[in-house]
Each structure stands twice: as structure tokens, then as C-alpha cells.
Number of protein chains: 2
Amino acid sequence: MAYRRTTAVAQRLADNRDQILAAARALIARGGFAAATIAAVAAEAGIATGTVYRYFPSKAELFAEVLRDAARRELAVLSETAAADGPPLARLDAVVSVFVTRAIRGQRLAHAMIAEPVDPTVEAERLVLREGYARILGALMDAAIAEGTIPPRNTEIAADCIVGAMIEPLIGPLAKGKVRKKTQADDLLAEIRRFVNAALRADTANANVLDFPKGEF
Amino acid sequence: MAYRRTTAVAQRLADNRDQILAAARALIARGGFAAATIAAVAAEAGIATGTVYRYFPSKAELFAEVLRDAARRELAVLSETAAADGPPLARLDAVVSVFVTRAIRGQRLAHAMIAEPVDPTVEAERLVLREGYARILGALMDAAIAEGTIPPRNTEIAADCIVGAMIEPLIGPLAKGKVRKKTQADDLLAEIRRFVNAALRADTANANVLDFPKGEF
DNA sequence: CCATGATGTGAACTCTAGTTCATTTCTTTA
DNA sequence: TAAAGAAATGAACTAGAGTTCACATCATGG
């Protein structure tokens, strides 16, 4: 026998793996999934394209792991925020603040993780993330409803509304290629918080809406 | 001289063009942009692949025109709704209802038009659509503010919040083509309206939020 | 320091889909 | 009906990206 993997080598392999994941994450953060070709990922990681396949069986698996990691991290941060002391709606407000702040800083990556369509393997991981958001926000709303602080509602749909209201103002400017200054970031956070907080607090039964055309897209 | 285009031929050419656009729209509605390959579009339209290029210079231009047409149609419908009689917030509620109803009916097509990423040429057309939504909603909010019905706010950001709150709950179900039951569609519409209406009506100054971690996605 | 197996390499292969173009078919009019 | 130009065709070309693999390089232990 003349070769056995030593711990030093094992460490290097693990590091390489992390490098590849980091490279993929960086490229996705810069230009979305489309920009993260295997060749580009390899170049970013400083290795040959073939080497990527020593660590991941396919591009889909690599992306899935990037998304899985991001989801774990994001949901952990939000769960912790949601588990703090205080009334449910204050905690929900804090969750919104944390989400928006983090998403503003990681704009493109956040958009890719949450909204950009890719192949089914990756889509399955995204589901975990989205369901995680819905679970955290939904639980806080349910708690507020149980307390009698706010009237009952469909918290599953409302959770999606909150996620959308948080994300959309962030990606619009992104598509327009605008760069955001700190003051704009502050305005953004303030306005989104106001919007979400108001949406949860007000009790408005839906009025009958005037007849409207029923066509389709 | 031995040939000159006659009106009958011109008509047939125009019809072919419409056929191609309709075929592309149908395929996108069925399986998103990915399903609308030139070969598939040609087959759907009953012509050869090469023929498509006698009518459109490139696939991007074809898609852009499909999106442009859809955007024009959608914005026209919403503008008309927004221009009806009644208080601004009631009209805004109607606009939300019309948008959500049409998007649910158009399912996959709506999702593709609003959210699915494609190349920059097409993205530019999408921007017109999203900005159109923001413009219509923003104008109605401004009117409500001018009336004194609701307190002043940053209507540009709030308009994006509304768009997000309308779209996000639809994306999951629409991507999967899952909004089949009437009750589900009704729930979606009702909850989204409630969310948006409440968000606009309540006046909640933002409380100070407890310190929270400032990391990024 | 060599034998051995693991690891790294990147050119080549494959697959898919957009685009082109030489040829065929059709339309018109003299 | 024949000439001439327009339109349609679809096979071939091209481009880009994921994946493979024969070979090179490196690390280990006798």
C-alpha cells in the first residue's frame, strides 16, 4: 500500500468544496443563475472545469446545495429573531426588518434564491425556503390572532403577501440597474415596515367591488 | 414585370405573423418561455422553422413582441379600471381585483410575463409592464393622499409593495398550474384584497425595532 | 525515491436550440 | 403558359454550455 488519504488532504478537499460553493454563490449574487456556468464557477474558484465534477455530480446538485445552505442560514436567523421576547406583532416587525435589511445587502442573491426559476432539482430546495418564511411569519400571525390582537385571516396567503411586499421594492431598482444609497435603503425599510404593519393591524372587511371585466392575461 | 404583392397575399402574410405570435403565446402559456423554442413555435403555427425568420429577426424579438402586446393589453384594462368613478381607494381595490383575477385565469402566461427571467431584450419590455402597474397604483394612492383619505407616504415604494403582495401569493400556485378550484381562487383574491386595503388604510408609525443582526443574504 | 492510488486537468464530446441559406414551391402578370 | 420575383422550406451550420475522460500531477508509505 502506498497511499492513504491523510487529514491534511481531507482538509484541503473540504476547503476546495467550500471554495466551489462560495464561487457559485458569488457568481449567482453577481448575475443570477444564468451567470453561474460551470466554466465560470471553476474559474472563480481557481480550478479546472473538470475538477468541479470531482466534488459535485452535476450543476443542478451544486446549485441545490448553494440554495440549501442559504436557506438554512436565512431561516436560522429569522427563526431566532422570531423567538425573541415581546408581543407577536413586534417580533414580526423585527423579522421583516431583518429580512429586508439582509435582502437589501444581498439583493441579487436574495432575488435568485427566492424568485429566479431554475430546474426542478433546485426548485425543490427553494420550496423549503419559501415554506420556511411562510411558517415563521404564519406562526407569528397565528400567535397574534390567538391573543386577539388582530382578527383571524388566512395566514398562509398573508405570509406570501408579506414576502412579496418585502421583495418587490427591492428587485424593481435592481432590474432598472439603479444603485441604492444608504438613505434610500432607510426609506425602503421604513416604508416596507409601515406597509406590512398596517396590513396586519387594520381590520377591513372587503367591500363589494364594482363589477369588473373578467378576462385573462 | 411579372409579380407584385397583391392585397390577398399581404393579408395572408399578416395572418401568418399573427399565427406565429399566437403560437408563441400559447406555448409560453403552456410551459413558460423554456417551452417556446423556435421549432415548437413553428410546429404550433403549422409552418417550417425557417419561416419564422421571415417574420421576426430573432427569437428575442418575437418574445419581446409577445410581451409587449400582453403588457399593452393588461395596462389598458387596468387603466380603464383605475379611471372609473368613485373614491380613489375603491378604484385601487378594483384594480387589485382585476389584476389578481386576470392573473389567476392566465396562470402560467401571467407568471411568465411578470416573473420569469429571459434575455435583456425581453426584460426591457417587462419593465414597461411593471412600471405601468406602479404608475397606476401610485397615481391612485396620490389621489387618496391629496383627498386626505390616507396619510402621506412614499407611494413609489408602496406601489411596489402592492405589486409584490399581489404577485407573490400567485407565483407558487401559478408556476405549478395549481389554481384549479374556484374556492382557492376566491380565497386568494379575498385575502390579497384585505391585505392591500388594510396596508393603505391603517396609519402606523414605525416603532423602534430592537437591535437586530445586520448580516446579508 | 519509487510504486500506487488519489486528485487535478482541460480538450474533446454531446446535446440542445437558434440561425442561415441553397433549393423548392407558389403567385403574379405579360 | 412561361418568366420572374416572393415566400416557404428544412437540412445544415453555429454557438454555448454541461459533461466526460485519457492523461498529467501530486501525495503517501514502503
Side-chain angles (χ1 to χ4, degrees), chain A residues 1-21 23-24 27-28 30-66 116-122, chain B residues 1-21 23-24 27-28 30-66 112 116-123:
Chain A
M1 202 200 302
Y3 183 93
R4 255 180 24 197
R5 187 183 288 177
T6 190
T7 58
V9 171
Q11 183 58 48
R12 181 168 58 79
L13 292 182
D15 288 351
N16 284 355
R17 201 166 190 287
D18 290 346
Q19 283 270 320
I20 294 170
L21 286 167
L27 285 166
I28 293 168
R30 222 140 67 214
F33 284 112
T37 64
I38 293 290
V41 168
E44 178 87 10
I47 58 175
T49 61
T51 307
V52 173
Y53 286 86
R54 295 243 174 235
Y55 294 86
F56 299 91
S58 72
K59 185 181 151 169
E61 279 298 323
L62 168 58
F63 282 6
E65 188 157 335
V66 170
E116 191 174 345
V118 271
D119 66 293
T121 311
V122 184
Chain B
M1 200 200 301
Y3 181 92
R4 254 181 22 196
R5 186 183 291 177
T6 191
T7 58
V9 171
Q11 184 57 49
R12 181 169 57 81
L13 292 182
D15 288 351
N16 283 355
R17 199 165 192 286
D18 289 346
Q19 283 270 320
I20 294 171
L21 285 167
L27 286 166
I28 293 168
R30 221 140 67 216
F33 285 113
T37 64
I38 292 290
V41 168
E44 177 87 10
I47 58 175
T49 61
T51 308
V52 173
Y53 286 86
R54 298 193 67 81
Y55 295 86
F56 298 92
S58 72
K59 185 181 152 168
E61 279 298 324
L62 168 58
F63 282 7
E65 188 156 334
V66 170
E116 193 174 342
V118 271
D119 67 293
T121 309
V122 184
E123 209 64 35

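Since the model is a prediction, treat every value here as computed from it, not as a measurement. Residue numbers begin at 1 in each chain, while the letters A, B, ... track the order of the sequences.
At whole-Å resolution of the value, CD1 in A/I38 and P in D/dC21 are 17 Å apart. Rounded to whole Å, atom C1' of C/dT27 lies 16 Å from atom CD of B/Q11. Remark: P of C/dC15 and NZ of A/K59 are 18 Å apart, rounded to the nearest angstrom. Protein atom CD of B/E61 is 10 Å distant from nucleotide atom P of C/dT19, rounded to whole Å.
Checked against salt bridge (charged side-chain N to carboxylate O under 4.0 Å, His left out), B/R5 has no partners two or more places apart in sequence or in another chain.
Across the interface with DNA chain D, nearest-nucleotide mapping of A/F63 and B/L13 shows B/L13 to be the residue nearer the 5′ end. Across the interface with DNA chain C, nearest-nucleotide mapping of B/R5 and A/R12 shows A/R12 to be the residue nearer the 5′ end.
Here B/N16 does not reach the OP1 or OP2 of D/dA7: none of its side-chain N or O atoms lies under 4.0 Å away. For the pair B/Y3 and C/dT29, the criterion of a side-chain N or O lying under 4.0 Å from OP1 or OP2 is not met. The side chain of A/T51 places an N or O atom within less than 4.0 Å of a non-bridging phosphate oxygen (OP1 or OP2) of C/dT9.
As judged by a 4.0 angstrom heavy-atom cut-off over every strand, B/T37 is placed among residues touching the sugar-phosphate backbone only. Backbone-only contact: A/Y55 has heavy atoms under 4.0 Å from sugar-phosphate atoms and none from a base.
Counting heavy atoms from C-beta outward, A/V41 and A/F56 have side chains that stay 4.5 Å or more apart.
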